[in-house]
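Predicted model only: the values in this text are computed from it and were never measured. Chain letters run A, B, ... following the sequence lines, proteins first, then strands; residues in each count from 1.
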Protein chains: 2
Amino acid sequence: MSKRPLYEEIKETLIARLASDQWRPGELLPSELKLAETFEVSQGTVRRALDELVSQGLLARHQGRGTAVTKHTPFGFFHLFRDDGARELPESKTLRISVNAASRSERDALELGPAKKVIRITRVRYLNLEPKIFETIALPKELFSPIAKLDARDLPNTVYNFYEREFGIPVVGKRERLRACSASQMESRYLAVDVGTSLLEIECLAYSHRRQPIELRISRCLTDEHYYCNPTD
Amino acid sequence: MSKRPLYEEIKETLIARLASDQWRPGELLPSELKLAETFEVSQGTVRRALDELVSQGLLARHQGRGTAVTKHTPFGFFHLFRDDGARELPESKTLRISVNAASRSERDALELGPAKKVIRITRVRYLNLEPKIFETIALPKELFSPIAKLDARDLPNTVYNFYEREFGIPVVGKRERLRACSASQMESRYLAVDVGTSLLEIECLAYSHRRQPIELRISRCLTDEHYYCNPTD
DNA sequence: CAGTGGTCTAGACCACGGA
DNA sequence: CCGTGGTCTAGACCACTGG
């Protein structure tokens, strides 16, 4: 006997099935009527559950066609805009892939036990062919160990899709924290600016279903010609 | 004859009435049943309109009591957190209130014609008693001219509430753009740091109903002990 | 064309708040 | 206690998609 609304339970069940890959991204779910039958509720109730999952970005509805699992990892997930408001897709050049002991902050963010290891990826990202972002990515080694053996050239530049395609781990959410910082020696070299130049630091923690943390990414951005805009609309 | 959904029209009507101050912040709207009668639709339809206004933050519902107009201008509108995750309320010290010709960027953001004037307010904001933010606020003079005559000491530090209370102009939304920048001489003096120190610049455009721009605010923040976190959750 | 989601109705019962 | 919003049902008709 639970006192929770039916649509909450249905939502949870659907999320669990999504997490267990019962339906693949792009695939169509059963129709509302079908779902209503199987859950033994009315169409309106299942509709409410679906609506909330849509607003969470997990599903997408198409009138006349059906309800589909979103291929996650939108871009639209990339929040740097040119000063004139245009958006540009970044190119990436991976510098290095290595395995290290997780730092304190990485353990905290990724919820790793002590002595756990992370795969660390460093890369430079280009906007309009100019180096603008110096990026460090930390991944739990237990989840992604095959990546450690990859050649830097073979890492695709849209890694979220890669995680989903190769490991079945979709990124469904993120949390970002922003600060100002100063360019280190290495950053200054790769971004072709003076040491100490002001950079925008974006610390982004990506997580999958059940809010399991997947990736900690620290991007340090030159914002001389770009700005960060959050998705508040 | 419009082909738009009924709840959209109802939503628009309600927004118009809110904009015209038919109901004051904190006041209770008529019940769903009453509204359904007056609009000659079913309760479910009016409910959907209300739900969307709630998710836009214009209304708040309370089971057993009714649906109320939100007093806008939350805090929760303030996005700087201490590194340990705690949130602090900023104190303010207003330095100067003046009237100037609007700059190019102010005219663009506030949608002002040429030769229009703005009221410009500069202030320092303190977190935990330490100066952390240097802030410049630009307001269209036509909307807020009484402010120009105010003594700097008389400006409250939660100005959004002030706009709503004194001018009947509620802030219902904002758009933020972030960059890294370097402390100018004046900023370095008030924030007690070296010239050139990296600061986080938050450019915030606040608007009222019908997306009318109200205020352009540029906050330059020391992020040595704080971070910015956007409301993506 | 059949099947889907999108809108809308008119009821029902419950949980909560305030008088 | 009554009136409120919160949930849920079982229908209806429409608009769109695809074969």
Residue pairs passing the side-chain hydrogen bond (donor to acceptor under 3.5 Å, both in side chains) test where at least one lies in residues 19-31 of chain A, sequence neighbours excluded: A:Asp21-A:Arg24
Contact list for residues 51-66 of chain A, test salt bridge (Lys or Arg N to Asp or Glu O under 4.0 Å), sequence neighbours left out: A:Lys11-A:Glu52, A:Glu32-A:Arg61, A:Arg48-A:Glu52, A:Asp51-A:Arg61
Short side-chain to backbone donor-acceptor contact, A:Ser145 and A:Glu142, under 3.5 Å: no
Touch class at under 4.0 angstrom, heavy-atom based, for A:Leu50 against every strand present: nothing
Contacts of type ring pair (Phe, Tyr, Trp, His ring centres under 6.0 Å), residue A:Tyr227, not counting sequence neighbours: A:Phe81
Residues in contact with DNA chain C, drawn from residues 34-49 of chain B - heavy-atom cutoff 4.0 Å: B:Val41, B:Ser42, B:Thr45, B:Arg48
DNA chain C contacts made by residues 26-33 of chain A, counting heavy atoms under 4.0 Å: A:Ser31, A:Glu32
For B:Tyr126, all residues meeting ring pair (Phe, Tyr, Trp, His ring centres under 6.0 Å), sequence neighbours excluded: none
Residues in side-chain contact (heavy atoms from CB on, under 4.5 Å) contact with A:Pro140, at least two apart in sequence or another chain: A:Leu110, A:Leu112, A:Leu143, A:Phe144
A:His209 side chain reached by A:Leu18 side chain, heavy atoms, under 4.5 Å: yes
A:Ser208 side-chain N/O to A:Val171 backbone N/O, donor-acceptor pair under 3.5 Å: no
Under 3.5 Å: donor-acceptor pair, side chain of A:Thr94, backbone of A:Arg123: no
Test salt bridge (charged side-chain N to carboxylate O under 4.0 Å, His left out) applied to A:Glu40 - qualifying residues, sequence neighbours left out: none
side-chain hydrogen bond (donor to acceptor under 3.5 Å, both in side chains) involving B:Lys34 - partner list, sequence neighbours excluded: none
With B:Glu37 via side-chain contact (heavy atoms from CB on, under 4.5 Å) - residues at least two apart: none
Segment of DNA chain D, first to last nucleotide, that comes within the 4.0 Å heavy-atom reach of chain B: D:dG3 to D:dT7
What pairs of nitrogen or oxygen atoms, one from the protein and one from nucleotides 15-19 of chain C, lie under 3.5 Å apart?
from: C:dC16; atom 1: O4'; to: B:Gln63; atom 2: OE1; distance (Å): 2.9

